[in-house]
Amino acid sequence: MATTGELSILNQGTITWRRYYEMTKPKVVLLIAFTALVGMLLSTPGAVPLKLLLFGLAGISLAAACGAVINHILDQRIDALMERTSRRPIPSGRMDTRHAVGFALLLGIISMLMLATQVNLLTAGLTFLALIGYAFIYTLYLKRTTPQNIVWGGLAGAAPPLLGWCAITNSVPLEAFLLLLIVFIWTPPHFWPLAIHRRQEYARASIPMLPVTHGVDFTKQQILLYSLMLLAVSLMPFVIHMSGYLYLAGAFALGVGFVYHAFVLWRSDDNQHAMKTFGYSIVYLSLLFVLLLVDHYLLLLLPGLGA
């Protein structure tokens with residue numbers, strides 16, 4: 001017997017590819033793919049093998065898409081209670097759980113087979129752990145039980161540049177872990193401004209986000225502290241001679257910009273600056289990784305610009 005959701009799907013006709021595509025969170029996957037690509041290109045001074053680049057990037061992206069679909073499946077009750085997510089395919093009745101599960105399995109199997117057979121087993125194994133960490137440990141447990149959910153859950157989301165590096169070299173050196181650390185420290189001050197903006201929705205859905213459990217003022221303090229930590233961590237590639245002076249100058253300027261937004265948010269009596277901080281955080285990470293890439297190739301041409 002068909003469920004209410006399935007009847008809704010049947011009444012609307014065939015499920016279109018756009019609904020499947022929407023469940024993969026394409027904007028998030030694009031950022032993940034970009035950071036993985038930067039990890040790949042930074043891993044070697046020479047040309048990156050085309051086969052490893054293409055299959056590695058595709059495999060990591062498909063695994064991220066799989067995690068996004070699983071997140072849609074497991075969070076459908078929560079999504080229905082929040083304005084920001086209520087129009088997603090499953091809670092809106094445009095997709096049923098059975099089709100979504102099949103799609104997630106297909107994405108996961110293809111990604112793991114691609115990485116294991118065309119890239120290397122280490123990348124496949126680490127990608128699988130990141131997928132389990134985000135799709136199940138974070139979504140099913142951390143998100144629902146602790147206000148530090150986005151901190152520890154962010155570890156899985158920080159893995160793509162390390163995975164990209166590993167796809168090319170079949171190793172995870174200090175430089176790869178440093179890229180992971182930058183994204184790991186970036187995640188809380190990136191997400192908490194959005195949580196402040198949507199705190200009432202999280203409270204209604206019984207999700208213990210930091211602004212719900214500890215208040216907005218405490219969350220603002222944490223955003224400022226993490227932005228200062230991020231500024232320090234972002235300079236580490238220069239300290240370990242991974243990057244040169246161009247990156248140092250750019251990373252410092254971007255980091256000061258993040259601290260400025262966090263400070264304005266902390267000092268404000270209202271929460272109007274929360275979404276500006278959230279928006280800047282996305283620009284920050286994108287430009288920081290562009291700087292890493294530009295600096296990497298500039299150092300190959302002009303070694304004197306190194307630390």
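We use all heavy atoms of the structure for the numbers below, so side chains are in, but hydrogens, waters and symmetry mates are not. Just so you know, these numbers come straight off a predicted model, no measurement behind them.
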Item checked: Shortest non-hydrogen separation from Ala104 to Cys66 and the atoms involved -> O-SG, 3.3 Å
Checklist line | side chain to side chain contact (heavy atoms under 4.5 Å, CB included) assessment of Asn120 paired with Thr123 | finding: CA-CA 6 Å; Asn120 57 66; Thr123 302; 2.7 Å; yes
Checklist line | Val256 and Phe252: CA distance, side-chain angles, deciding distance, side chain to side chain contact (heavy atoms under 4.5 Å, CB included) verdict | finding: CA-CA 6 Å; Val256 169; Phe252 183 77; 3.8 Å; yes
Note to self: Suppose we screen for side chain to side chain donor-acceptor pair (under 3.5 Å). Which residues come up paired with Ser171, at least two apart in sequence or across chains?
What the structure shows: Thr169
Checklist line | Whether over 12 other heavy atoms sit under 6.0 Å from Tyr297 OH | finding: yes
Notebook entry, point to check: Between the side chains of His190 and Ser281, is a donor N or O closer than 3.5 angstrom to an acceptor N or O?
Noted result: yes
Checklist line | Any donor-acceptor pair under 3.5 Å from Ser268 side chain to Leu265 backbone | finding: yes
Notebook entry, point to check: Between Leu285 and Leu30, is there a shared hydrophobic cluster once you connect ILVMFWY residues whose side-chain heavy atoms come closer than 4.5 Å?
Noted result: no
Check: Relative to each other, are the rings of Phe258 and Tyr284 parallel, tilted or perpendicular (30° and 60° limits)?
Finding: perpendicular
Checklist line | Minimal non-hydrogen separation, Leu288 against Ala251, with atom names | finding: CD1-CB, 3.7 Å
Checklist line | Candidate list Leu37, Leu42, Val183, Leu41, test side chain to side chain contact (heavy atoms under 4.5 Å, CB included), partner Phe289, passing option | finding: Val183
Next item on the list: Begin from the C-alpha positions of Met242 and Leu179 and carry the test side chain to side chain contact (heavy atoms under 4.5 Å, CB included) through to its verdict.
Entry: CA-CA 11 Å; Met242 175 182 171; Leu179 295 179; 3.8 Å; yes
Note to self: Does any part of the side chain of Pro211, heavy atoms only, come nearer than 4.5 Å to the side chain of Tyr202, both counted from C-beta?
What the structure shows: no
Check: Is the centre of the Phe136 ring less than 6.0 Å from the centre of the Tyr141 ring?
Finding: no
Next item on the list: For the residue pair Thr16 and Arg18, confirm or rule out a side-chain donor-acceptor distance under 3.5 Å.
Entry: no
Next item on the list: Mind running ring pair (Phe, Tyr, Trp, His ring centres under 6.0 Å) on Tyr280 and Tyr260 for me, showing each step along the way?
Entry: CA-CA 10 Å; Tyr280 179 82; Tyr260 166 77; 8.8 Å; no
Check: Honestly curious: do Val29 and Leu62 fall in one hydrophobic cluster under the side-chain, below-4.5 Å linking rule?
Finding: no
Notebook entry, point to check: Ion pair present between Lys143 and Asp75, side-chain N to carboxylate O less than 4.0 angstrom?
Noted result: yes
Notebook entry, point to check: So which heavy atom on Ile78 is nearest to which on Ala205, and how close?
Noted result: CG2-CB, 3.8 Å
Notebook entry, point to check: Of all heavy-atom pairs between Pro188 and Val151, which one has the smallest distance, and what is that distance?
Noted result: CG-CG2, 4.0 Å
Next item on the list: Enter the distance from Leu163:CG to Leu115:CG here, rounded to the nearest 0.5 Å.
Entry: 8.5 Å
Check: Atom NE2 in His296, atom OG in Ser43: separation rounded to 0.5 Å?
Finding: 7.5 Å
Next item on the list: Could you grab the distance from atom OG1 of Thr97 to atom CD1 of Ile90, nearest 0.5 Å is fine?
Entry: 5.0 Å
Check: Looking at side-chain heavy atoms only, is the closest gap between Val119 and Met114 below 4.5 Å?
Finding: no
Notebook entry, point to check: Which residues pass the salt bridge (charged side-chain N to carboxylate O under 4.0 Å, His left out) test with Arg199, sequence neighbours left out?
Noted result: none
Next item on the list: Measure the spacing between OG of Ser86 and CG of Leu81 and express it to the nearest 0.5 Å.
Entry: 9.5 Å
Checklist line | Linked hydrophobic residues, Ile109 as query - side chain contacts closer than 4.5 Å | finding: Leu113
Notebook entry, point to check: Tell me, do Thr85 and Pro91 make a side-chain contact under 4.5 Å, heavy atoms counted?
Noted result: no
Notebook entry, point to check: Applying side-chain hydrogen bond (donor to acceptor under 3.5 Å, both in side chains), which residue pairs with at least one partner in residues 211-239 are found, sequence neighbours left out?
Noted result: Lys220-Asn271
Item checked: Arg88 and Asn71, any side-chain heavy atoms less than 4.5 Å apart -> yes
Notebook entry, point to check: Is there a side-chain contact between Glu201 and Glu83 (heavy atoms, below 4.5 Å)?
Noted result: yes
Checklist line | Thr139 side chain reached by Arg144 side chain, heavy atoms, under 4.5 Å | finding: yes
Next item on the list: If you link ILVMFWY side chains whenever their heavy atoms are less than 4.5 Å apart, which other residues fall into the same cluster as Leu225? By chain and number, please.
Entry: none
Note to self: To the nearest 0.5 Å, what is the distance between CD1 on Ile282 and NZ on Lys27?
What the structure shows: 9.0 Å
Notebook entry, point to check: Can Val101 be reached from Ile110 by stepping across I, L, V, M, F, W or Y side chains whose heavy atoms are under 4.5 Å apart?
Noted result: yes
Notebook entry, point to check: Just by distance, do the side chain of Asp295 and the backbone of Gly244 share a donor-acceptor pair under 3.5 Å?
Noted result: yes
Next item on the list: Applying salt bridge (Lys or Arg N to Asp or Glu O under 4.0 Å), run through Arg19 and Glu22 and close with a yes or a no.
Entry: CA-CA 5 Å; Arg19 295 167 191 172; Glu22 186 180 342; over 6 Å; no
Check: Is any side-chain heavy atom of Met209 less than 4.5 Å from a side-chain heavy atom of Phe191?
Finding: yes
Check: Just checking, is any N or O donor in the side chain of Asn149 or Thr146 under 3.5 Å from an acceptor N or O on the other one?
Finding: no
Notebook entry, point to check: Taking it one step at a time, do Tyr20 and Val69 satisfy side chain to side chain contact (heavy atoms under 4.5 Å, CB included)?
Noted result: CA-CA 8 Å; Tyr20 287 105; Val69 176; over 6 Å; no
Next item on the list: For this output row, return yes or no: ring centroids of Phe263 and Trp266 closer than 6.0 angstrom.
Entry: yes
Check: What distance separates Leu180 CG from Ile185 CD1, expressed to the nearest 0.5 Å?
Finding: 10.0 Å
Next item on the list: State, to 0.1 Å, how close Met40 and Gly56 come at their nearest heavy-atom pair, and which atoms those are.
Entry: CE-C, 3.5 Å
Note to self: Within the structure provided, determine whether Ile196 and Ile223 are in side-chain contact (heavy-atom separation under 4.5 Å).
What the structure shows: yes
Notebook entry, point to check: Residues in ring pair (Phe, Tyr, Trp, His ring centres under 6.0 Å) with Tyr138, at least two apart?
Noted result: Tyr134
Item checked: Shortest non-hydrogen contact from Gly59 toward Ser111 -> O-CB, 3.3 Å
